[in-house]
Amino acid sequence: MSWGISHKKAQKAQKAQKGIYRVFCVFCAFLWLIPSALAQQRPLLTEDPRLIPNGAFVVESGFSYAHKAQFPLSGLKGDEYSLFLNGFNFSLGPRAEFQINGAIQNFVKSGDYWRNDWGDWSLSTKIRIVPETHLLPIISFRPTMVLPNSNDSRGIGLNSTQLFGNILAGKSVGHDFFFGNAGLGILTDPVHVRAQQDVVTYGLAGVLPISTRFSLLTEVNGWKNPRHNPSPGTESRSQARLGMQIRTGGVRWDLAATEGLTHLDPRGGLVFGLTKEFQLWK
């Protein structure tokens, strides 16, 4: 009799353990499938309309390689290596963030010779206008100023001031997030005095989470100069990227392949980097 009672208790315990195990598996699968709701910028050029968390400071860094890059203003051609492509993102509250982006050094190998120069750094503010709802997409506005930090005598940078204004929009579709940019850019004409070149900017991207640690990303990004004969350095540019993000140890690593879509863009390339978030206040 006692054996029968003990056996029944053991069976109930086993069933309870199986139930707990199933709940645990479902919970783990649920966590595994939930995508991150935060901005997913690197390695994309198209700006994510979502903001970094309130009170956060996000640091980005990496490098890029561009095969057969062209610099029409100087006529320089070669493979370009950009080191320490840095981004510093500061939360300004629940509706805005401030950004500083730029490369520490750009190197170009043309034949047997190397050239290097500072990159032009940019200052941006991203302002959320409309939050995402069940029906409406998130909409943000991002003005950007590119500063003339480079030395045009090196033949790599334009050493000119550029202004951009972009509307950013994005919408979640299931676990995926699709977003785009559209706007205008005012480029200082590097050839003609007191002149400018106006361009239309665009970008279309998608983030496809495979798990909480791994995501696939893709985009097409560029600008269109409507002039038939634009000044060198302000011609239409476009690029496609296909990459991934891996989250581990509190760091988000990224890797992407690039492909130029105009005759002036690099024939191919590679982008690699990391993103780290610090919480300054809540």
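Residues T46 and Y202 fail the side-chain proximity criterion, which asks for heavy atoms closer than 4.5 Å. Two residues are said to be in side-chain contact when any heavy atoms from C-beta on lie closer than 4.5 Å; L242 and L216 fail this criterion. Side-chain contact check for S140 versus I127: every heavy-atom pair is 4.5 Å or farther apart.
D189 and Q197 form a side-chain donor-acceptor contact under 3.5 Å, judged by distance and modelled atom types alone. Counting only N and O atoms by type, the side chains of S236 and N225 include no donor and acceptor under 3.5 Å apart. At a cut-off of 3.5 Å, with distance as the only test, a side-chain donor of N106 or S82 sits close to an acceptor on the other residue. Side-chain contact check for S150 and D120: at least one donor-acceptor pair (N or O, by modelled atom type) lies under 3.5 Å.
Here N151 pairs with S153 under the side-chain hydrogen bond (donor to acceptor under 3.5 Å, both in side chains) rule; sequence neighbours left out. Among residues two or more places apart in sequence or in another chain, the salt bridge (Lys or Arg N to Asp or Glu O under 4.0 Å) test is passed with E132 by K171. Not counting sequence neighbours, the partners of Y81 by the ring-ring contact (aromatic ring centres under 6.0 Å, His included) test are Y65, W114. Looking at residues two or more places apart in sequence or on another chain, you find a salt bridge (Lys or Arg N to Asp or Glu O under 4.0 Å) between R237 and D265. Looking at residues two or more places apart in sequence or on another chain, you find a side-chain contact (heavy atoms from CB on, under 4.5 Å) between A66 and A69, E80, P266. In this structure F90 satisfies the ring-ring contact (aromatic ring centres under 6.0 Å, His included) test together with F57, sequence neighbours excluded. Residues satisfying the side-chain hydrogen bond (donor to acceptor under 3.5 Å, both in side chains) criterion with H228, sequence neighbours excluded, are absent altogether. Contacts of S91 classified as side-chain hydrogen bond (donor to acceptor under 3.5 Å, both in side chains), with partners at least two apart in sequence or in another chain: none. A search for side-chain hydrogen bond (donor to acceptor under 3.5 Å, both in side chains) contacts involving R154 returns nothing, not counting sequence neighbours.
Applying side-chain hydrogen bond (donor to acceptor under 3.5 Å, both in side chains) to T201 and the options N221, N181, N166 leaves one that passes, N166. Evaluated for a side chain to side chain contact (heavy atoms under 4.5 Å, CB included) with P43, the options E60, E219, Q245 yield exactly one hit, Q245.
Taking Ile, Leu, Val, Met, Phe, Trp and Tyr as members and joining any whose side-chain heavy atoms lie under 4.5 Å apart, directly or through other members, L168 forms no hydrophobic cluster with any other residue. Using a 4.5 Å cut-off between side-chain heavy atoms of Ile, Leu, Val, Met, Phe, Trp and Tyr, V193 forms no hydrophobic cluster with any other residue.
The ring-ring contact (aromatic ring centres under 6.0 Å, His included) pairs that include a residue from residues 120-142 number zero, where partners must be two or more places apart or lie in different chains.
The number of heavy-atom neighbours closer than 6.0 Å to NZ of K276, taken from other residues, nucleotides and ligands shown, is above 12.
Ion pairing of E47 with R142 is present here, as a side-chain N (NZ or NE/NH1/NH2) and a carboxylate O approach within less than 4.0 Å.
In the hydrophobic clustering of ILVMFWY residues, with side-chain heavy atoms under 4.5 Å counting as a link, V59 and V251 come out together.
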